[in-house]
Amino acid sequence: MSTTITSDLLKAKNVTDDEVNAAVDVFMRDPTESLFRFASGRTLDLATAVRAHDPARLAVADPDRTVRHRRLMVRNAILLAGSASGVVSGGISPVRGRALEALRAVALHPLGLRTSAHPKAARALVALGYVAVRPAQYVGRKWDEQAWFLTDAGHELIRVLGTGDHG
């Protein structure tokens with residue numbers, strides 16, 4: 001079975017050289033950055049890509065390495081990031097339709113969204129790691145009531161996809 005890596009996407013012109021350079025720039029500014037979105041809609045987990053590539057991980061951690069060397073190693077890590085490890089994902093988003101509506105609804109309720117809202121879609125988001133169930137915090141809740149909350153990964157995905165507000 002063949003694994004698609006970022007360099008394959010570059011060769012197929014699904015990703016441009018400028019986009020790869022932009023991904024390097026983003027990582028160099030913030031090494032904890034987790035999602036980078038290419039114009040094609042594919043996303044790349046920059047931090048995971050660098051952690052998975054030993055030469056890049058070591059170069060970034062070594063203060064004696066030049067910036068040019070670090071950038072080259074980070075670029076190599078990005079180009080070698082593959083879909084088998086879940087680093088590169090296809091499509092605009094792994095969340096669509098009702099699940100995207102549910103994710104955005106949870107994002108609009110920072111004190112928790114009632115678990116009766118979007119039950120099937122929210123359970124799927126829990127399985128993907130974007131939503132968690134915790135004790136509700138909103139006014140009028142029952143003492144033992146649970147609610148949907150965004151996880152850190154959910155907040156990142158909302159940051160990339162937006163809340164859907166166009167006003």
Side-chain angles (χ1 to χ4, degrees), residues 1-108 118 120-132 150-167:
M1 185 171 142
S2 135
T3 300
T4 302
I5 60 176
T6 309
S7 63
D8 294 336
L9 299 172
L10 184 63
K11 288 176 194 167
K13 300 186 184 202
N14 291 332
V15 169
T16 68
D17 200 46
D18 287 341
E19 289 178 300
V20 173
N21 290 336
V24 172
D25 292 341
V26 167
F27 180 83
M28 296 303 287
R29 274 193 306 275
D30 182 6
T32 63
E33 187 66 38
S34 60
L35 276 181
F36 180 84
R37 186 172 177 187
F38 293 102
S40 65
R42 292 186 181 263
T43 57
L44 172 65
D45 185 332
L46 298 175
T48 299
V50 171
R51 270 195 315 271
H53 187 257
D54 284 339
R57 184 176 46 77
L58 295 171
V60 168
D62 186 353
D64 294 332
R65 297 292 178 182
T66 65
V67 171
R68 184 170 188 248
H69 179 76
R70 286 188 204 133
R71 288 182 63 82
L72 180 61
M73 292 299 106
V74 168
R75 181 178 169 82
N76 287 343
I78 289 168
L79 289 173
L80 294 172
S83 58
S85 62
V87 176
V88 178
S89 64
I92 292 174
S93 165
V95 176
R96 298 171 196 219
R98 295 223 186 249
L100 181 55
E101 289 176 26
L103 183 72
R104 287 177 169 157
V106 173
L108 290 173
H118 305 284
K120 288 182 183 177
R123 280 195 295 274
L125 293 170
V126 169
L128 290 169
Y130 297 126
V131 171
L150 286 183
T151 63
D152 290 342
H155 282 287
E156 281 293 317
L157 188 58
I158 282 292
R159 190 176 60 78
V160 170
L161 299 176
T163 60
D165 295 341
H166 299 292

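Any value given below was found using the heavy atoms of this structure, including those in side chains, with hydrogens, waters and symmetry copies removed. All residue numbers refer to positions in the sequence shown, counting from 1.
Distance check, rounded to the nearest 0.5 Å: CG of Asp62 to CZ of Arg70 gives 7.0 Å. Separating the CG atom in Leu125 from the CZ atom in Arg98 is a distance of 13.5 Å, to the nearest 0.5 Å. With rounding to the nearest 0.5 Å, the separation of CG in Leu10 from OG1 in Thr16 is 7.5 Å. A distance of 5.5 Å separates CG of Leu150 from CG of Leu103, quoted to the nearest 0.5 Å. The CG atom of Leu72 sits 9.0 Å away from the OG1 atom of Thr66 when rounded to the nearest 0.5 Å.
Heavy atoms from other residues, nucleotides or ligands lying under 6.0 Å from CZ of Arg65 number 12 at most.
For the pair Val126/Thr151, no side-chain contact is recorded, criterion being any heavy-atom separation below 4.5 Å from C-beta on. A heavy-atom distance below 4.5 Å is found between the side chains of Asp17 and Arg75. Annotation: side chain of Phe27 is in contact with side chain of Val60 (closest heavy-atom distance under 4.5 Å). Between Thr6 and Leu80 there is no side-chain heavy-atom pair separated by less than 4.5 Å. Considering only heavy atoms from C-beta on, Arg71 comes within 4.5 Å of Asp25 through its side chain. You'll find the side chain of Val26 stays beyond 4.5 Å of the side chain of Asp30, heavy atoms only. Annotation: side chain of Asn76 is in contact with side chain of Met73 (closest heavy-atom distance under 4.5 Å).
The two residues Pro31 and Ala47 have their closest heavy-atom pair at O-CB, 3.7 Å. Across all non-hydrogen atoms, the minimal contact from Val74 to Met28 is CG2-SD, 4.1 Å. The two residues Ala81 and Ala49 come nearest to each other via the heavy atoms CB-CB, 3.9 Å. Minimum interatomic distance between Ala59 and His69 (heavy atoms only, all atoms of both residues): CB-CD2, 3.8 Å.
Judged purely by atom type and a 3.5 angstrom limit, His53 uses its side chain to pair as donor or acceptor with the backbone of Ala56.
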